[in-house]
Amino acid sequence: MKEKRHIGEILRGADEPTAERIAELSPPADDETKDRIFAQIQERMNTPESLPEEHFTVTSVHRPWKKYAASAACLLLAAGIGSAVLLRGGLPEQPPVQEELAASQYAEETAQDISEPEETHAEAVPETEVLPEHAWTQDEVWNLCMKSREHLMEYGRFSCDTVKTSTLDHSIQLDVQGVVELDFKAEIYNSCVSHFMYYPDSVYIQENQWYYADGCELWLIDYQTTDSEDSGNFTQPEQAFLFEGRGNGDLACSTPFYTETFLSDFSLWEIAGTDVYCHRADDGSGQETERACIVLEVAGGVFQDVLEAASHRVLVDAETGMWLKLEGFDEKGNSICKMQLNDLKFGADAEITHPYNIGQKIQNGDYAFETPTALTDVFLIHPTEYVPEETTAEPTAETAVETVVETVTETADVTEPTETAPTAPAQTESVKTTAQTTTAKQTETVKTTAQTTPMQTQTAPSALTPEQEAALAQLREQGEREFGAFIRQEKIITGELAADAPRLTRAQMQAIIAESTDFADILARLKAVQPYPDFIGGSGVTNVEYWLDDEGKEQIYLTLEQEDVTYVKEADAEHDRVWERLY
Amino acid sequence: MNEETTRQRMVYDTYFNYVYAIAQRILRNCGSTEDVEECVIDTFAEVLPRLPEIREDAVRAYLGTTAKHRALNMARTLSRQRSRSVPMDSIAELSAPQTVEENAEDAQLRTLLLQKIAELGEPDTTILIQKYYYDCDAKEIARRTGLSAAAVRQRCSRAVKRLREELSDWDLQA
């Protein structure tokens, strides 16, 4: 029997030359990180702390404010907060103790022998114990939060109830759940569920907008035109939208991210004390949650532009470090937005369902997705529809409805509504979105738009036999599992393409490439020869596969965003796998 | 940037990967990314000011020795300080020696695996190494590669599948 070998273990056992080779293959740091580290080296060299080697010692107390200072400054600058933002309750104007602590602590450390390492705060504090408030330091809180994922890893799975959204609660349920992949270094994935939402009336979703529910960003994942006549509940031109909401549970899943985002600058936050976080479930069960927590007061925050908050209060779970609540306040101290968990569940108590089971999210069980010709930003882009230039979709009169921009509010509306789309028909519903975006995010969304094709309406195949429908459903299910669709096979099933229709050949592909002026030209010529690829899919990048045989052992493989064309031949008993770049 | 700083930067750029690889290898089982970076910073902070005293052909060896020394010191200290103790033999340089056969087999598989990972081409090569060697999560890899985190996971999954097929003599696990 073959012995199981883990890829990570194999690589991590590398000797020094191999480690060096790995570093050459994929450098350990990008340019930005290298620049940051070099700046730290210069700083270290220019300070008296740069002592000769014999005085050297190390500590497990990190100096995160050094590491994250640059990024925090950038983020703060980007968010337009700058140094003018002070805590709602009034924080010390000068960065209080951190740098002094860093200097004095380092000096102390350097005077010690390495065989007698200094006890650190982090080690002195059992994570599960709630200490008197005076015992918590910013270092400890930072470390607790940054290590919060270890608890997820330890338990393997978790879920958390969240407060229902107030903005889109008529159409979207926010579940947040996570599964932790237990391999070497556990990684959280699927930290949030995908949310299916539909509107009984048509609504226009702008792809270059951010959508929010309760202050949490929703990502437009997919949208489909419906088979309106057959499905019963839909009428043209209704559309269904699939959003992935990171939701309130993101606070727990991504606590390190929020920690870096809000707490990198130690001068902008302080520990206000400890408390017991109580929350009564709003599902009528009467269930209450009580968790010991640490209360932080944060000035500004890099989400100020999005959430319109001048300051934030954060409740950190004292046991796990996960953030239980993030509440934003305006300049007058009014609560204007919050993300909040009801409870955390770990291990066997966690309730996990498959987040991509789109079918279960659709209220009408008879509904079936169209062939994904209505291609979306991140899911499917047909090569012949690919638009490399940046474009901005303009709503049409038929589909556009009023889009009101509004930040989720708890106690007061603070955001000035802005019309971003033409007026809607009277019967349509409005979708509340937030117009304010950071510069970085806008760039990302513009890019997304550029990769998105306009919605196409295509008549669904009609008069299919039950066998055909079953085969189609099975194929689409398989496609969904693989993040794509098997276009050619679908066309064969629906009778739009003969089963023995000739396939693309490698020679044809090479000829197309030779004749083409650029990648767009390649796609256009390819479409003329072979309009139906075997597979289009991917997530984030779009892969198009033209199989040269019925089993796909030989393929022409295109990655649209990278504009490359590759010939792939799977390995067999006699030959190694071939991976040859054609363009 | 003055002449001295320019030279320091050049040396830093030339040997960054080398120093990082040494620190990473020794600290991987007992330290965090921040520890590795601290070690890299300390190493260069010690060596760069002394560049004028070091022969040009000895810079690499000097950096390598310093990095190893500092990383080992840091590893020992960290392993003692951790509440969740890390066995000393988990530190690369201090680990118990394997048998010759085990070493040879591991080395053979490692070489082959690296070759196959390199053959995957970008961005898959970067994705796999960042995930399985540097322990980066999908978000971090996504930032570096310009892909979405979901795309990183997807590509990673497919790349591992390919590796499994190509190295079918071993039961590779992700």
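All of these numbers come straight from a predicted model, not from anything done at the bench. Chain identifiers are assigned alphabetically (A, B, ...) following the order of the sequence lines, protein sequences preceding nucleic acid strands; residue numbering begins at 1 within each chain.
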| request: Determine, for Lys34(A) against Glu37(B), whether the closest basic-nitrogen to carboxylate-oxygen distance falls under 4.0 angstrom. | output: no
| field | Side-chain (Gln130(B)) to main-chain (Pro27(A)) donor-acceptor, under 3.5 angstrom | value | yes
| request: Determine, stepwise, if the pair Met45(A) / Glu46(B) fulfils side chain to side chain contact (heavy atoms under 4.5 Å, CB included). | output: CA-CA 8 Å; Met45(A) 288 192 299; Glu46(B) 179 185 334; over 6 Å; no
Greatest number of heavy atom pairs closer than 4.5 Å to chain A - which of [options]:
options                                : value
Phe16(B), Tyr20(B), Tyr12(B), Tyr18(B) : Tyr12(B)
Ile117(B), Thr125(B), Leu114(B)        : Leu114(B)
Leu128(B), Val40(B), Leu48(B)          : Leu48(B)

Taking the side chain as C-beta and beyond, is there a heavy-atom pair between [X] and [Y] under 4.5 Å?
X         : Y        : result
Arg143(B) : Asp30(A) : yes
Arg9(B)   : Asp35(A) : yes
Ile41(B)  : Phe38(A) : no

| remark: d(Lys131(B) NZ, Ser26(A) OG) to nearest 0.5 Å is 14.0 Å
| field | Full working for side chain to side chain contact (heavy atoms under 4.5 Å, CB included) between Ile22(A) and Tyr132(B) | value | CA-CA 11 Å; Ile22(A) 291 172; Tyr132(B) 291 109; over 6 Å; no
Contact class of [X] relative to chain A, heavy atoms under 4.5 angstrom:
X        : result
Gln24(B) : neither
Phe44(B) : both
Ile22(B) : side chain

| task | Could you pull out all residues at least two apart from Lys553(A) that satisfy side chain to side chain donor-acceptor pair (under 3.5 Å)? | result | Glu551(A)
